[in-house]
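Just follow the structure's listing: the first ligand is 1, and inside any ligand the first atom is 1. None of the values given here were measured: they were computed from a predicted structure.
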Amino acid sequence: MNKNLIDWPTFTGALIILLAVSIPLAVFPESGKEIVSMANDFVTGNFGVLYLIFGLATFAFLIYVSFSKNGQIKLGDKVSEREFGTFSWAAMLFAAGIGSSILYWAMIEWAHYYQGPPFGIEGESKEAIQWAPAYGIFHWGPMAWAIYTLPSLPIAYFYYVRKKPVLKISEAVRPVLGKLVDTPLGNIIDVLFMFGLMGGAGTTLALGTPMIAQGVNDITGLPPNLATKTVIMLLCTAIFAVSSYSGLRRGIKVLSDVNLWLAIFILAFIFVLGPTVFISETTFTSFGLILNNFFKMATWLEPFANVGGFTETGFPEAWTVFYWAWWLVYAPFVGLFVARISRGRTIQEMILGTIIYGTLGSVLFFGIMGNYGLYLQLTGTFDVVGYMNETSPQAAIIAILNHLPMAVIMVPLFTILAIIFLATTFDSSSYILAAVVQKEVQTEPLRWNRLFWAFTLCLMPLVLMYVGDLETLQTASIVAGFPVLFIMGLLTWSFMKASNEDLRASKDYEPSTIYINRREIVQRARKRQEQEAALKRSEDKES
Ligand code: NM2
């Protein structure tokens, strides 16, 4: 066991902050919940606008970069070939950014919007029906994927262009902070990033586990209580641990492949055997609705709540702000991964590819799974919303699946898919957490270090499930993500600074501004005229 490799200040810093949040919550759940709710209100109430500005600015910035000179920079040398073909690249980046939560939300997000729509629309009205399938796609769409892409810019740039392998976020901001990175500030940045990721993974695991427990309950009859959930979570960690010991790469690779094909199978099954036309039409119509209302959705904060006859719905805080925060906490981590697989592509290809393929993937899940449930609701086959209110969202999810043909097979398959998703979340998150607390990573982070963080990751979601309702789970991402907002700013600045410096210094750089010097033009024209006249004179003389 090589303990010297560990960057102890970061290691203990992250652990302390995790324990400092989890233990009081577990010991004093009631007052803990109050404090969590206050923290949530404080951040979303006062800084909600900051998150929405951040989302829109990120999207606009990436579109700008991809069509600028910086976007033409190739990640690698002249001869570097693409490491992966486009299909596997897209599948890998989607799998890295998405976990079990997409199963949860794709199935049930519409039901929340149907009941509590935005823009002062009445719940369960005809208008609410239109927004219900669209809003989920928006929250998992191009702006969300843009948030994921932002950190991959500096990381890929340093990795392939400046050839400095970066596995730490603090290293990726070195162009801006310089030597300050070697002071405790560097450790603080890494600890805050780790805390953000643990918060985000906390939300994922605390949402995914009860859903799996419900699936298990449906199959075996085991009660979906806290004990079952704890066992499930530990089991997922154990699956990861075993696969990681059985020749790391292979184990997880097999799991991810199974995952991909299983997901494709379930989606195709619902699409073909479910209401195919309804699914296609609703998805396509949602696409238009989002395009038409893109800016409205991206900026809606209900500033007039509780004044002038407007009632407060809390929709922006509960959804858009929450989502941007949740994507944000995962972003540096996904950025590390996307950067690693993008050798040989240009920055433009990396940006547009992530946004487009990522969104397409989300559209498949939300369009197919969500609209199947919506169909059951609207045709009166099954009152999903009523059932969800009576029981729980996860019970409603399993009940929707039970309406599928061959439900006896489909529910277990869905549950297995969710379990693998959860295990791969443990795998990838623990990889990054372990890498960040090491001074140096040779090929892989140390095994004990990875396992340590995988089990540590269980802590927060366990406490959250014990304490909380949905709002508490959402808060974990929002509050832990707040500092990451500023780290993202540093990362962006750092990329622009480094790439602009290099662009200006490179051999075939041409400044983009064209400077017109009238005097020079006139002089040159006059000179040309004189030359021509002289030539003519000499020709005349010869003839
Ligand atoms: N995001 C995509 O569980 C998961 O799907 C992880 C969640 C940020 C909403 C990512």
Side-chain angles (χ1 to χ4, degrees), residues 51 54-55 58 92-109 112 135-152 193 196-212 233 236 240 256 259-260 263 318-338 354-355 357-366 369-370 393-394 397 414 417-433 457-458 460-461 464-465 470 473-478 480-481 484-485 488:
Y51 280 92
F54 161 74
T58 303
M92 280 161 78
L93 84 87
F94 188 77
I98 293 299
S100 56
S101 323
I102 201 164
L103 300 178
Y104 184 97
W105 289 118
M107 293 288 298
I108 209 68
E109 196 161 326
H112 290 273
Y135 241 103
I137 295 181
F138 175 74
H139 285 145
W140 293 71
M143 279 175 74
W145 284 93
I147 297 176
Y148 263 6
T149 317
L150 194 66
S152 57
F193 154 63
L197 180 56
M198 289 190 280
T203 307
T204 293
L205 303 173
L207 279 175
T209 314
M211 182 173 70
I212 295 173
M233 207 177 295
C236 289
F240 146 71
S256 321
N259 217 22
L260 177 68
W319 295 108
T320 314
V321 173
F322 154 64
Y323 263 120
W324 287 182
W326 196 14
W327 287 83
L328 173 72
V329 287
Y330 269 99
F333 148 68
V334 179
L336 281 164
F337 183 81
V338 173
T354 314
I355 295 181
Y357 295 125
T359 302
L360 272 180
S362 302
V363 168
L364 280 182
F365 276 86
F366 277 77
M369 292 183 159
Q394 52 273 13
I397 291 173
F414 181 88
L417 182 64
I419 292 177
I420 304 180
F421 257 132
L422 225 55
T424 47
T425 300
F426 275 116
D427 171 66
S428 42
S429 317
S430 66
Y431 182 100
I432 291 297
L433 292 174
L457 267 177
C458 297
M460 181 112 88
L464 285 175
M465 281 192 308
L470 182 60
L473 306 187
Q474 293 183 329
T475 311
S477 290
I478 293 172
V484 183
L485 209 53
M488 289 285 260

| Approximate separation, where rounding is to 0.5 Å, of Ile419 CD1 and Met233 CE | 12.5 Å

| query | At what distance is the nearest protein heavy atom to atom 9 (C) of ligand 1, and which residue and atom is it? | reply | Trp326 CE3, 3.4 Å

| query | Counting only heavy atoms, which portion of Phe421 has something under 4.0 Å from ligand 1: side chain, backbone, both, or neither? | reply | neither

| said: Need the ligand 1 atom indices (1-based, order shown) with element for anything under 4.0 Å from a heavy-atom of Ile98. | reply: 2 (C), 5 (O)

| query | When you measure from the side chain of Tyr148 to the backbone N and O of Thr354, does any donor-acceptor pair fall under 3.5 Å? | reply | no

| So which bit of Tyr330 gets within less than 4.0 Å of ligand 1, heavy atoms only: side chain, backbone, both or neither? | side chain

| message | I'd like to check which ligand 1 atoms, numbered from 1 as shown, lie under 4.0 Å from a non-hydrogen atom of Ser100. | response | 3 (O)

| Does any donor atom in the side chain of Ser362 or Trp145 lie under 3.5 Å from an acceptor atom in the other side chain? | yes

| remark: protein heavy-atom neighbour closest to atom 3 (O) of ligand 1 works out as Ser101 OG, 2.4 Å

| field | Steps toward side chain to side chain donor-acceptor pair (under 3.5 Å) verdict (Trp140, Thr359) | value | CA-CA 7 Å; Trp140 293 71; Thr359 302; over 6 Å; no

| message | Treating Trp319 as the side-chain partner and Tyr135 as the backbone partner, does any N or O pair qualify as donor plus acceptor under 3.5 Å? | response | no

| said: Please compare Tyr323, Trp105, Tyr148 and report which has the shortest non-hydrogen distance to atom 1 (N) of ligand 1. | reply: Tyr148

| query | Any idea which atoms of ligand 1 are less than 4.0 Å away from a heavy-atom of Gly99? | reply | 3 (O), 4 (C), 5 (O), 6 (C)

| query | Side chain of Thr209, backbone of Ala206: donor and acceptor closer than 3.5 Å? | reply | no

